[in-house]
Structures are given as C-alpha cells and as structure tokens.
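Order of the sequence lines fixes the chain letters, A, B, ..., with proteins taken first and strands second; residue numbering starts at 1 for each chain.
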2 protein chains.
Amino acid sequence: MSTSLNSPYHHGNLRQALLEAALIILEKEGEAGLGLRDLARAVGVSAAAPYRHFDSRAALLEALAVTGFQRFSAAMEAVASSNPADPMAAMGKTYVLFALSNANLFRLMFSPQLKKDGRPGLRMAADAAFDTLRHVVGGDMKTGRIKALAAWAKVHGLSILLLDGQIALRAGEDTEALIAEIIGSL
Amino acid sequence: MSTSLNSPYHHGNLRQALLEAALIILEKEGEAGLGLRDLARAVGVSAAAPYRHFDSRAALLEALAVTGFQRFSAAMEAVASSNPADPMAAMGKTYVLFALSNANLFRLMFSPQLKKDGRPGLRMAADAAFDTLRHVVGGDMKTGRIKALAAWAKVHGLSILLLDGQIALRAGEDTEALIAEIIGSL
DNA sequence: GAGGGATGTTGACATTGTTTACATGAGGGG
DNA sequence: CCCCTCATGTAAACAATGTCAACATCCCTC
C-alpha cells in the first residue's frame, strides 16, 4: 500500500520535517492557516502522526516559536559580534528587519494564544533571547535600565506597527531608511 | 421598547446584547475562548441567531475591535482636552494604561487574524483613532514626523511588552511609575 | 530471531463555524 | 381588522478540525 517505492512506513525524521513544513506554511498562510491535517498531508503522513511528536497543536506552535526565538537570538548575536560602530542602532535595525522578514513567525512568538504561563519552554526561550539582548546592550542595566527598556519598547513597537501596516510610508520613501531614522531619534 | 419578562421570540436588541456579552467573555477568556455558541447561549439565544447580525465570527470580532478603537479614541481625546502640562507624556500614559486595562480587547484590535486589508471597517476605525492621536500630538508632523513616530512606537511597544509580561518589575516597583519613567526618557 | 517499544495508520468522536429550511411576530396597507 | 411581508429567531444538518483509541509496521536489542 505504498504510494511509491520510496515511502517507508516510518518517515525517518518526522519531527524535523513537520517543523520545517510548518514554518513554510506559517509564513505563507499565517497561523490560522496552519492546520494539523494540512501539515500532515504536506509531509505525506497521516493526520494523527504529528501526535507522536507533539502533544497538541499548541505544542507544535510552541516549538515553532521556540525556534523563532533561537533564530532571533542568533541574528542578534551575529550583529553584535560584528562590532558595529553603533551597537544599539545596529541591533535595533536587525531587530526590526527580523520581524519584517519573518512576519508570521514573529507574530507567533508574541502570540497571546501561547500564554506563556502554561508553556515554560516558550517563556524560557523568550527570556534567553532577551537575555542575550540585555547582555549585549550593556551591563549598564543598573544605571541605564530605563533607557534600555525605552529603546527596547521603541524597537519592538516599531516592528509591530510596520508589520501591521500601521505606519504609512511616504511616496518614494524607503522602509529601511525610515527604520534607521526612527531608531536614531533618541 | 419594553423587554418583557417572559422570553419573547424576538430578543429586542440582540446585536447590542451580543457585543456586550462578547466583550465580557473576551476580557475573561481571551479571544480563543470566545465561541459563537457559548456567546449565543450566554445571551439566551440559539447558535445560529448571531448570523442575523454578523456575517461570520470574524465579523463579530471586527465589530468588537471597532468599538475598541472608538473607546481608545475617546480616552485619548479626553486626556488631550484636559489640557495636561505635558500632552505627549499624558497621552502616552493613557495609551499604555488603556492597553493594560483592556488587555484582550487591545490585543484583538491589533490581531493579525483580522487582516485589515479584507476589513475596511476595522482599518477605518484604526486610522480614525490614530488620526485623532496625530492631530493632538501636533501639526508638527511635517517637521517632527520622525520624532512622533518614534514616540508612538515606544508607547505601543511598551504596551505590548507589559501586556506579555516581558518587562519584569523589580521588587516594590510600581507599574505606573515605570511607565512614566520610560515615557519620560526621551 | 523473537519480542518490545517507537512510530505511523485507520476510524471514530466531540466541537466548532456555518448554512438551509422553517417558525414567529411586529408593523404597515388594503 | 385582517393579511401580507419581512426582519428576526430556531432547529437540524454539514464540513472541517483537533484529538484519541485501537491496530499495524518496523527498528533495535537480547
């Protein structure tokens, strides 16, 4: 009953395949469009198979969000370790660009649906990501804590407003330039 | 206009009753917990009745979000017309406090599920709300546009980070004081 | 090579949003 | 006053979804 010679009963690495396919569907269709059955079909597996690797749809989403935070962390560390002239500005730009180029993943990371109280894994991933952020931003969290929080808020808010198309670009205006300007305006 | 004691076949003003009950459920259970059937039952009406007033669940949510933006606008205008010493700071504080005291409604207003491209009503309500914001913030949108956008981003981001419990309060620290500090840090 | 646990399948169930056909009743024109 | 009409509500059904239980298949170890 194999549809092809190369379709073994056991997939081999289903968990990873599910996550990868889910990421693609997520970016294309949004979180609401990511159904377990569609996902299973996309990977060529039955509808119940994902439950061998994820307790529930929410757990699958949580895993996606966790990898999102890891990628986010990686991007932040990468730009920080490149020793830019203005670290804060460079990281802010990276922050916003990450949000824009991973729109639905970014939204998922901060989705209220995954109330973090019930999902320690997600909370930990988020905290880890922001810890690296804090660490790079500076040990001056004691004296400059408020300024750091303000910068964080500004960058995060800018990401979301841009994501929602709330900030209108002017004719011939470049998104990246606008980001730089806003971040630069302290 | 008399709503009789015995339950009449026709509810009287179902649309309004649905919206009010929905708001309560939304704040208590979150958007995911707001099911059409539960809502109908809460109002004492059959499961299909809401469809006489809303095309779909999404339309119901849209209507909720629209009233959210209207309340938001009202709060903004109220504080602006009170002629505070520092209008920007006062409005920023109101912005964040509105988000905190209407958590799930605020989240719904900016929910990606209601992609605004397909919902002109919501887009219009949002634009109207932010127009009053822009109007009050100043006609200096020509010269100070970047600064205004930066302030908006900061306040919006602060709202969301606080909403998600992402910003940790220190021992004995007051939320409202922290908000004021962050907003004040230009 | 025989079992056992991990992994995948099939079929079913409850729930949800939604639709279709029907019931009710308020209000206006004859 | 009756009747007709239309807005509004109900009941019953449908498709789709997340999820689970029972069964099948295969890899690994003793």
Side-chain angles (χ1 to χ4, degrees), chain A residues 1-22 25-26 28-65 108 111-115 118-119, chain B residues 1-22 25-26 28-65 108 111-115 118-119:
Chain A
M1 59 192 275
S2 55
T3 53
S4 83
L5 295 175
N6 266 0
S7 75
Y9 192 90
H10 290 80
H11 180 282
N13 192 355
L14 183 55
R15 185 188 163 96
Q16 195 58 30
L18 284 172
L19 286 177
E20 287 168 12
I25 297 181
L26 176 67
K28 199 176 312 183
E29 314 273 358
E31 183 251 290
L34 204 172
L36 273 196
R37 294 174 127 99
D38 299 346
L39 175 59
R41 200 174 310 124
V43 177
V45 101
S46 88
Y51 285 88
R52 296 293 163 194
H53 301 273
F54 302 97
D55 284 346
S56 65
R57 190 186 109 106
L60 187 273
L61 292 181
E62 177 189 350
L64 277 181
L108 181 66
S111 168
Q113 303 212 17
L114 288 73
K115 36 181 187 285
R119 316 230 161 250
Chain B
M1 218 46 198
S2 62
T3 47
S4 54
L5 293 173
N6 54 7
S7 74
Y9 193 89
H10 290 79
H11 180 281
N13 193 356
L14 183 54
R15 185 189 162 95
Q16 195 58 29
L18 284 172
L19 285 177
E20 286 168 12
I25 297 181
L26 176 66
K28 198 176 312 181
E29 314 273 358
E31 183 251 291
L34 205 172
L36 274 194
R37 293 175 128 101
D38 298 345
L39 174 60
R41 200 175 310 122
V43 178
V45 101
S46 87
Y51 285 89
R52 295 292 162 194
H53 301 274
F54 302 97
D55 283 346
S56 65
R57 191 185 108 107
L60 187 271
L61 292 181
E62 177 190 348
L64 278 182
L108 181 66
S111 167
Q113 302 213 18
L114 286 65
K115 38 180 188 286
R119 315 227 164 250

**Item:** side-chain contact (heavy atoms from CB on, under 4.5 Å) partners for A32(B), two or more places apart
**Value:** none
**Message:** Using the salt bridge (Lys or Arg N to Asp or Glu O under 4.0 Å) criterion, which residues pair with R52(A)? Sequence neighbours excluded.
**Reply:** none
**Separation of atom CZ in R52(A) from atom C1' in dG8(C), rounded to whole Å** = 7 Å
**Request:** Report the distance from atom CG of L60(B) to atom P of dT16(C), rounded to the nearest whole Å.
**Result:** 15 Å
**Request:** Grab the CG-P distance between L14(B) and dA26(C) for me, whole Å please.
**Result:** 16 Å
**Message:** Does dG9(D) have OP1 or OP2 under 4.0 Å away from a side-chain N or O of H53(B)?
**Reply:** yes
**Asked** Roughly, in whole Å, what's the span from CD in Q16(B) to P in dT8(D)?
**Response** 14 Å
**Prompt:** When rounded to the nearest 0.5 angstrom, what distance separates CD in E20(A) from CG in L64(A)?
**Reply:** 11.0 Å
**Request:** Determine, for nucleotides 11-20 of chain D in 5'-to-3' order, which nucleotides have protein heavy atoms under 4.0 Å from the base (write B), from only the sugar-phosphate (write S), or from neither (write -).
**Result:** B-B---BBBB
**Item:** Pair listing, salt bridge (Lys or Arg N to Asp or Glu O under 4.0 Å) test, anchored in residues 29-51 of chain B, at least two apart
**Value:** E31(B)-R57(B), D38(B)-R41(B)
**Request:** Could you pull out all residues at least two apart from A48(A) that satisfy side-chain contact (heavy atoms from CB on, under 4.5 Å)?
**Result:** S46(A)
**By side-chain contact (heavy atoms from CB on, under 4.5 Å) - contacts of F54(B) (at least two apart)** = R15(B), L18(B), L19(B), A59(B), L60(B), A63(B)
**Asked** Between R15(A) (CZ) and dG8(C) (P), how many Å, whole number?
**Response** 12 Å
